[in-house]
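Worksheet: the structure to be examined is printed underneath.
Every number for a ligand or one of its atoms is a count from 1 in the order of the listing. As a basis for the values below, the full set of heavy atoms in this structure was taken, side chains included, without hydrogen atoms, waters or symmetry mates.
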Amino acid sequence: MATAMSVSAVSPAAAAVARARTLVCVPATARAPREMAAELAAAAALGADVAELRLDRLAGFAPRRDLPIILAEPRPLPALVTYRPKWEGGEYEGDDEPRLEALMLAMELGAEYVDIELKAADKFMRLLSGKKPENCKLIVSSHNYENTPSAEELADLVAQIQATGADIVKIATTATEIVDVARMFQILAHCQEKQVPIIGLVMNERGFISRVLCPKYGAYLTFGSLKKGRESAPAQPTAADLINLFNIRQIGPDTKVFGIIGKPVGHSKSPILHNEAFRSVGFNAVYVPFLVDDLAKFLNTYSSPDFAGFSCTIPHKEAAVRCCDEVDPIARDIGAVNTMVRRPDGKLVGYNTDYVGAISAIEDGIRASQQTDPTTSPLAGRLFVVIGAGGAGKALAYGAKEKGARVVIANRTFARAQELGILIGGSALTLADLENYHPEEGMILANTTAIGMHPNVNETPLSKQALKSYAVVFDAVYTPKETRLLREAAECGATVVSGLEMFIRQAMGQFEHFTGMPAPDRLMRDIVLTKT
Ligand code: NAP
């Protein structure tokens, strides 16, 4: 068993013994037996492989009366029967005897899987006394709601569970940080090599990737809820997302892993965009959200070639410059990396596609609405005002300067505006001064603060009166698609450029770095406009 913290690549031996694909299991958690039976049918309609019947969720459950209803033949899906006691995180509060008898009855009625907790496994085995039906697989499970033990402790736990006579080992732990999941991946990979069927999941948002990436390491199954709000464990994805968004059926030992590193990251639309783009060109890769607290620790842990590239968002774009082995000179000048790619030699190279995305969007917006000289950038010689001096502000200010604009930066923290001004050769303003700033006609304005972003859609960084001084207005905020700033700028007659255009273009730049292929322009646009 490997004990190093880093996740190693899936070995060819492990790949060779890879079992049939990882099953998608939907927990049925209804309070009434007939509703639970209906959930089985709904799970089948979603494309799931198995449904977990959570008997402990049933109100007033009477096994002899209710189990024949829930397990009635023909069943739309194989059934995994669980009757979880309170002491293992479930809802059943009574004695063990009737609980174990109900599970035995489920076996007699043809349940394909029965889940029993490790602490009750010996007792259950004694009750069964070797009479387990042939077609029923016994899952012996252990749940840890506090943390994820060391790889050695997890390996011991696997051995303990195997010793009970389990057909399938199940271990669920809790992530306190995303690097905890690496230990579960090590255990899965180890079990895959030894051909031990295992379900290994890490609960809560920081453990989310365990649920999506476990097929890469040969897990027996993963859970996906019937719909949002019906999760049986913290941060469980929906079965529909596992199947349709993350393309879980296609994930195998050779699948490359990409994702967006951020905190928070759950709201990001990048997984929708990149997974569909990967699928459209037949690129064997999956793109997941990485909720990361400590960037350096994350990159040291997930350092194998399988973790092939990352998008980087708030608050890690500046730390990413320090964490890369090499940084593209433009990204270094900007001081922010939003794209990291692992080269074949294992080195991480950082880029900034925000810069190209935003500047090309503004240039094209101007070209589409005004007569311009095709031989030079329409930004050349123009007065370009940037509100904000964070990652996006730096990218816009640097890019505009590169195109020959005269750049002015206005920021809440004036010192940061001054610093950026000195760095790129521009000047600085306070936000208050910006209200009456009108030295000339035809100015360009770029908002790079989060002001006006959902849910604060009534906020705007500049009054409508002040907006009258601008010929072109760009807003990096893209939720909502039309911000108050852009709406009022359009009402004042300005050419407006949406942050959505920047988002699409920076994502296309990332796609090209990740895959080495041209980005599917129309498809990515359609996805952003219709699905995000
Ligand atoms: P960041 O590095 O955290 O910078 C935030 C900037 O906004 C700072 O200059 C900050 O001023 C200013 N700010 C924050 N809250 C403010 C407030 N209430 N009033 C005035 N100023 C405020 O963030 P970032 O990465 O640059 O991202 C900024 C925005 O751009 C976000 O909304 C993000 O979603 C958007 N963005 C869009 C795209 C796209 O593709 N369209 C790409 C990247 C970013 P201080 O210096 O005073 O703190």
Side-chain angles (χ1 to χ4, degrees), residues 260-270 273-274 295 311-321 331 334-339 351-362 365 385-399 408-421 423-424 428-435 445-463 473-486 496-511 519 524-525 527-529 532:
I260 179 156
I261 297 172
K263 182 185 171 182
V265 77
H267 66 287
S268 172
K269 304 296 182 200
S270 295
L273 189 56
H274 284 290
L295 182 63
S311 310
C312 205
T313 188
I314 297 171
H316 297 306
K317 284 185 189 179
E318 289 167 19
V321 178
I334 293 169
V337 155
N338 79 326
T339 310
Y351 302 92
N352 188 308
T353 65
D354 283 341
Y355 141 79
V356 193
I359 293 297
S360 69
I362 297 172
V385 177
V386 179
I387 313 180
K394 281 181 184 159
L396 265 290
Y398 180 91
V408 175
I409 299 128
N411 192 44
R412 178 177 62 181
T413 308
F414 182 58
R416 286 186 85 192
Q418 286 177 306
E419 256 173 55
L420 183 54
L423 190 74
I424 60 138
L429 273 183
T430 64
L431 284 183
D433 287 342
L434 191 62
E435 272 305 309
L445 180 73
N447 172 47
T448 70
T449 72
I451 300 172
M453 189 161 98
H454 186 82
N456 305 314
V457 294
N458 290 324
E459 292 180 3
T460 185
L462 202 60
S463 72
V473 176
F474 164 80
D475 198 346
V477 173
Y478 60 94
T479 50
K481 287 175 185 163
E482 189 190 50
T483 58
R484 177 174 163 193
L485 176 73
L486 290 189
V496 295
V497 180
S498 160
L500 214 54
E501 195 56 41
M502 171 182 177
F503 176 70
I504 294 169
R505 290 174 189 229
Q506 63 79 27
M508 293 200 310
Q510 292 190 329
F511 180 94
M524 290 180 84
R525 257 166 217 290
I527 298 167
V528 168
L529 294 173
T532 62

Fill in: Polar proximity ligand 1 side, G499 side, N/O cut 3.5 Å exclusive
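Yes; the residue has a nitrogen or oxygen that sits under 3.5 Å from a nitrogen or oxygen of the ligand.
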Worksheet entry | ligand 1 to Q506 polar contact by distance, N or O atoms, under 3.5 Å |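 Between Q506 and ligand 1 (N or O atoms, distance only) the closest approach is not under 3.5 Å.
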Atom of [X], atom of [Y] and distance for their closest heavy-atom approach:
X	Y	value
V497	A361	CG1-O, 3.7 Å
K481	V528	NZ-O, 4.0 Å
P480	V457	CD-CG1, 3.6 Å
Q506	T353	O-OG1, 3.0 Å
T430	D433	OG1-N, 3.0 Å
A410	L434	CB-CD2, 4.0 Å

Quick one: nearest non-hydrogen protein atom to [atom], plus distance?
atom	answer
atom 43 (C) of ligand 1	K317 NZ, 3.4 Å
atom 37 (C) of ligand 1	A476 O, 3.1 Å
atom 45 (P) of ligand 1	T413 OG1, 3.5 Å
atom 23 (O) of ligand 1	I314 CD1, 3.7 Å
atom 24 (P) of ligand 1	A392 N, 3.8 Å
atom 14 (C) of ligand 1	R412 NH2, 3.8 Å
atom 12 (C) of ligand 1	T449 CG2, 3.6 Å
atom 28 (C) of ligand 1	T448 O, 3.0 Å

Go through ligand 1 atom by atom and flag the ones less than 4.0 Å from a non-hydrogen atom of [X].
X	result
M453	32 (O), 34 (O)
G388	9 (O)
D354	42 (C), 43 (C)
A389	9 (O)

Discussion item. Could you work out, with salt bridge (Lys or Arg N to Asp or Glu O under 4.0 Å) as the rule, every residue matching R525, not counting sequence neighbours?
Written reply: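 With sequence neighbours excluded, R525 shows a salt bridge (Lys or Arg N to Asp or Glu O under 4.0 Å) to E501, D521, given in chain and number order.
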Worksheet item: If you measure from atom 19 (N) of ligand 1 to every heavy atom of L431, N456, I451, T353, which option wins on shortest distance?
Response: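 The residue whose heavy atom sits nearest atom 19 (N) of ligand 1 is I451.
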Discussion item. I'd like to check N338 versus T313 (side-chain heavy atoms, cut-off strictly below 4.5 Å). Are they in contact?
Written reply: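 They are not in contact (no side-chain heavy atoms under 4.5 Å apart), so the answer is no.
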Worksheet item: Hey, does L445 have a side-chain heavy atom less than 4.5 Å from the side chain of N447?
Response: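 In short, these two side chains do not touch, never coming nearer than 4.5 Å.
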Practice prompt. State whether the side chain of S311 and the backbone N or O of T339 hold a donor-acceptor pair below 3.5 Å, judged by distance alone.
Written response: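 Flag not set: sc S311 to bb T339 has no pair under 3.5 Å.
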Fill in: Region of F503 engaging ligand 1 - heavy atom pairs below 4.0 Å
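Both backbone and side chain of F503 come within 4.0 Å of ligand 1.
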Item to complete: Using a 4.0 Å heavy-atom cut-off, say whether R416 meets ligand 1 through its side chain, its backbone, both or neither.
Response: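 It is the side chain that touches ligand 1; the backbone stays farther off.
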Fill in: Sub-4.0 Å protein heavy atom next to atom 33 (C) of ligand 1
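No; the ligand atom in question lacks any protein heavy-atom contact below 4.0 Å.
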Worksheet item: So, for atom 3 (O) of ligand 1, does the protein have a heavy atom nearer than 4.0 Å?
Response: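 Under 4.0 Å from atom 3 (O) of ligand 1, zero protein heavy atoms found.
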Item to complete: Give me the ring orientation class for Y478 and F503: parallel if the planes are under 30° apart, tilted from 30 to 60°, perpendicular past 60°.
Response: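 Judged by the thresholds at 30° and 60°, the geometry between Y478 and F503 is parallel.
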Worksheet item: Can D354 and K317 be said to form a side chain to side chain contact (heavy atoms under 4.5 Å, CB included), step by step?
Response: CA-CA 11 Å; D354 283 341; K317 284 185 189 179; 2.8 Å; yes
